[in-house]
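To start, the structure under review is shown below, and the notes come after it.
Throughout, protein chains are lettered first and strands after them, A, B, ... in sequence-line order, and every chain is numbered starting at 1.
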Protein chains: 2
Amino acid sequence: MPYSSDHKQQSREKILDSALYLFTRHGYDSITIDQLMKHAGLTRGAFYAHFANKSEVYAEAILAALQRRPEMMPADDNLNDKDWLKQLFFNYLSHEHVNEKSSACPLAFLATDVANRDPAARDAYTEVYKQLSRLIGDKLMPHADHRSAFAITAMMIGGVALCRALSETKTSEQVLDSCRQTALRLLEESGTNP
Amino acid sequence: MPYSSDHKQQSREKILDSALYLFTRHGYDSITIDQLMKHAGLTRGAFYAHFANKSEVYAEAILAALQRRPEMMPADDNLNDKDWLKQLFFNYLSHEHVNEKSSACPLAFLATDVANRDPAARDAYTEVYKQLSRLIGDKLMPHADHRSAFAITAMMIGGVALCRALSETKTSEQVLDSCRQTALRLLEESGTNP
DNA sequence: GTCTATAGAAAGATAGAC
DNA sequence: GTCTATCTTTCTATAGAC
């Protein structure tokens, strides 16, 4: 065995990193296996030593997002839950996110892309979404109804997906601004609505 | 000229109807010109008498949505603005919409699909979005800040796009329910927040 | 495990008959 | 204007050398 099992694992991780990066930004159909492998520093043929086909690496890449640490997530250390959420809302509903300056959330970037894929991809997407909504729901708990986490995440995902599709910066600004304000309002006012 | 100009116009409309139907449900890349023309009752070759290429018909199809009457829109007649909005929220944030039983909104179904297309498609999408947000904003005006229309539309679009991607019916139910409740809440409580 | 080379299929776009 | 036939490109997936 001229290549160690560790080396194979490293290649696999490199491919998954590239897949998450490229698929999230350009969608499933726009990325070829050739592009993917070149981005990972390998060639086309090596791909099939790691994955059975293109749709498999797509689903795996979405799941891999759970292992990576998104820059948008505030560092847990000194923030209370409310401030942590505020920070997340601002990071997520930002131009930096829409324009992919920071890491790009597959939930927002692949929402309609995943809907047209196979069950494995949708399962992976569902798993990532459940983790995000649970995280937000838990931090929301003392302040708001746990269930409003679903509406807030839908607004976050929808706001970013929408702005990425829009061609007018001005409208995009208005959408992000309105979503940020409304997210804060839902957080602040939730105590008054038991 | 063996074919009247009216006949050509009719063919064009048939193609646009099919394009709106198919692209919205399956995305740009999944639909071939062959499928599109068969759905419209014509053959591949005839396509290029109407459109220069595939990306052109995609943008035109999105714009065509403005001419069609979506079943989700409540009939204007007897409803006041607030009830009209409530009705729209329930129609839009429904399983019938997610599962394409009624007409499918391209804003929700194509959000991330359009982001990967050319400027013409994004311009068309932007135009449709501006019309929806203006309509909702105007009806919201007496009750709420005009600008909260952007957050509400983002939640509607995000909620439907999200549910279409999810593979768990239960989670999907929770998302739609939470979005409906929150949309109503934003409508009801808006008066208290000048 | 990774490489180059290639088979095989799919789909966008064009040509020419009617 | 619409049809059938075809050119051409692109891309997934496989084969075989190292």
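Regarding B/D29, its CG atom lies at a distance of 11 Å from the P atom of D/dT12, rounded to whole Å. Taking atom CZ of residue A/F47 and atom C1' of nucleotide C/dG1, one finds them 15 Å apart after rounding to whole Å. Taking atom NZ on A/K38 and atom P on C/dT2, their separation rounds to 17 Å, with Å as the unit. The separation between B/D34 atom CG and C/dT14 atom C1' is 15 Å, rounded to whole Å. In this structure, the OH atom of B/Y58 is 17 Å from the C1' atom of C/dG12, given to the nearest Å. Look at OH on B/Y48: it is 13 Å from P on C/dA11, rounded to the nearest Å. Atom pair B/D6:CG and D/dG1:P shows a separation of 12 Å (rounding to whole Å applied). For B/I33 and D/dT9, the CD1 to C1' distance is 14 Å, given to the nearest whole Å.
Of all nucleotides listed (D/dT2, C/dA13, C/dC3), C/dC3 comes nearest to the side chain of A/L42. The side chain of B/H7 sits closest to D/dT2 out of C/dG12, C/dG1, D/dT2. Listed nucleotides C/dT2, C/dT6, D/dT2 differ in distance to B/A49; the shortest reach to its side chain belongs to D/dT2. The A/N53 side chain lies nearest to D/dA13 when the options are C/dG1, D/dT2, D/dA13. The side chain of A/A46 sits closest to C/dT2 out of D/dT2, C/dT2, D/dA13. Set against C/dT2, D/dC3, C/dG12, the side chain of A/T43 has C/dT2 as its closest nucleotide.
Put simply, A/S11 has a side-chain N or O that comes within less than 4.0 Å of OP1 or OP2 on C/dT2.
At most 12 heavy atoms of other shown residues, nucleotides or ligands fall within 6.0 angstrom of atom CG in B/N78.
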### Query
Where do A/D138 and A/R134 land on the salt bridge (charged side-chain N to carboxylate O under 4.0 Å, His left out) test, with the steps shown first?
CA-CA 6 Å; A/D138 287 346; A/R134 189 176 306 128; 6.0 Å; no

Pair up each side-chain donor or acceptor in residues 46-55 of chain B with any protein partner under 3.5 Å, not counting sequence neighbours, and list the distances.
residue, atom, partner, partner atom, Å
B/N53, OD1, B/S55, N, 3.4
B/N53, OD1, B/S55, OG, 3.1
B/N53, OD1, B/E56, N, 3.0
B/K54, NZ, B/Y28, O, 3.0
B/K54, NZ, B/I31, O, 2.8
B/S55, OG, B/D118, OD2, 3.3

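A cation-pi arrangement, defined by a distance under 6.0 Å to the six-membered ring centre and an angle within 45 degrees of its axis, is absent between B/R147 and B/F150.
At a cut-off of 3.5 angstrom, counting only N and O atoms as typed in the model, there is a donor on one side and an acceptor on the other between the side-chain of A/R44 and the base of C/dT6.
Using a 4.0 Å heavy-atom cutoff across all strands shown, B/L36 reaches no nucleic acid atom at all.
A/D177 and A/Q181 share a side-chain donor-acceptor pair at under 3.5 Å.
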